[in-house]
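These notes are about the structure you will find just below.
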Amino acid sequence: MQSEQPWHAAFPAPRSTSQTIRKEQLLQWMHEGRKDYVVIDLRRTDFEGGTIRGTLNLPAQTLYPSIPTLYQVLSGGGIKAVIWYCGSCNGRGPRAANWFTDYLESKNDSTMQSLILEGGIKGWVKGGEEYQGLMEGFDQAFW
């Protein structure tokens, strides 16, 4: 019996390593009202419990083919930072961020950053009420 390949095996392995952003920095950006970044939630089936306010939900399993279009939309909108997260940012978050960094490098784009939210949504929730209050659909019972 052949073992099933992970979903990301269908796509090239990322070449780059993206930087991380701490939840405290993202919180500060939110309080400052910055408009030059976007946050992307990569979860598909574990979306329960809520998401950080204002995030886009682009499941990691379908992301890779849409990176060129996503880049066009974000660069056209003046976005300077793309922040990726999943549950704990040990798999999908870094992989997506690294794919996007690869794409930025292929475009010689040094005006946009691709960042991994350190600790993912679990780390965000553990930050306490200030962080949880900036979530949509937050469900304490889930956490």
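Index from 1, following the sequence.
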Inset, instruction - For S18 and N98, test the side chains for any donor-to-acceptor distance below 3.5 angstrom and give the result as yes or no. - result: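 Yes, side-chain donor-acceptor contact under 3.5 Å.
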Inset, instruction - Classify the ring geometry between Y71 and F100 as parallel (under 30°), tilted (30 to 60°) or perpendicular (over 60°). - result: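 It falls in the tilted class, 30° to 60°.
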Inset, instruction - Mind telling me whether F11 and W99 have parallel, tilted or perpendicular rings, with 30° and 60° as the class edges? - result: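 Because their plane-to-plane angle is over 60°, the rings of W99 and F11 count as perpendicular.
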Rounded to the nearest 0.5 Å, how far does [atom2] of [Y] lie from [atom1] of [X]?
{"X": "H8", "Y": "R92", "atom1": "NE2", "atom2": "CZ", "answer": "10.5 Å"}
{"X": "W143", "Y": "K126", "atom1": "CH2", "atom2": "NZ", "answer": "10.0 Å"}
{"X": "Y131", "Y": "F138", "atom1": "OH", "atom2": "CZ", "answer": "14.0 Å"}
{"X": "Q140", "Y": "E129", "atom1": "CD", "atom2": "CD", "answer": "8.5 Å"}
{"X": "K107", "Y": "D102", "atom1": "NZ", "atom2": "CG", "answer": "13.5 Å"}
{"X": "R34", "Y": "Q28", "atom1": "CZ", "atom2": "CD", "answer": "8.5 Å"}

Looking only at non-hydrogen atoms, find the nearest pair between [X] and [Y] and report the distance.
{"X": "P65", "Y": "T62", "value": "CD-O, 3.6 Å"}
{"X": "S16", "Y": "E105", "value": "OG-OE1, 3.0 Å"}
{"X": "K122", "Y": "S88", "value": "CD-CB, 4.3 Å"}

Do [X] and [Y] make a side-chain contact, defined as non-hydrogen atoms from C-beta onward lying under 4.5 Å apart?
{"X": "I52", "Y": "M30", "answer": "yes"}
{"X": "T51", "Y": "N57", "answer": "no"}
{"X": "I116", "Y": "W84", "answer": "no"}
{"X": "L26", "Y": "W124", "answer": "yes"}
{"X": "E118", "Y": "C89", "answer": "no"}
{"X": "V125", "Y": "F142", "answer": "no"}
{"X": "V39", "Y": "L117", "answer": "no"}
{"X": "I121", "Y": "M135", "answer": "yes"}

Inset, instruction - Taking atom CD of E136 as the centre, report whether more than 12 heavy atoms of other residues, nucleotides or ligands fall under 6.0 Å from it. - result: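 For E136, atom CD is crowded (more than 12 foreign heavy atoms under 6.0 Å).
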Inset, instruction - Evaluate whether atom CD of Q19 has more than 12 neighbouring non-hydrogen atoms of other residues, nucleotides or ligands under 6.0 angstrom away. - result: no
Inset, instruction - Could you please spell out the steps behind the side chain to side chain contact (heavy atoms under 4.5 Å, CB included) verdict for K23 and E130? - result: CA-CA 11 Å; K23 68 181 179 294; E130 185 175 14; over 6 Å; no
Legend entry - Test: R44 cationic atom under 6.0 Å from W7 six-membered ring centre, within 45° of axis: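 Checked: cation-pi criterion not met.
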Inset, instruction - Given side chain to side chain contact (heavy atoms under 4.5 Å, CB included), test L63 with I40 step by step and report yes or no. - result: CA-CA 11 Å; L63 175 70; I40 299 178; 5.8 Å; no
Inset, instruction - Establish whether L56 and L42 are linked, either directly or via other cluster members, by ILVMFWY side-chain heavy-atom contacts under 4.5 Å. - result: yes
Inset, instruction - Could you check D41 against Y85 for side chain to side chain contact (heavy atoms under 4.5 Å, CB included), going step by step and ending with a plain yes or no? - result: CA-CA 5 Å; D41 184 342; Y85 75 87; 3.1 Å; yes
Inset, instruction - Would you check, one step at a time, whether the test side chain to side chain contact (heavy atoms under 4.5 Å, CB included) holds for V82 with M112? - result: CA-CA 8 Å; V82 183; M112 191 183 302; 3.8 Å; yes
Inset, instruction - Please check if the side chain of D36 supplies one atom and the backbone of K80 the other of a donor-acceptor pair under 3.5 Å. - result: no
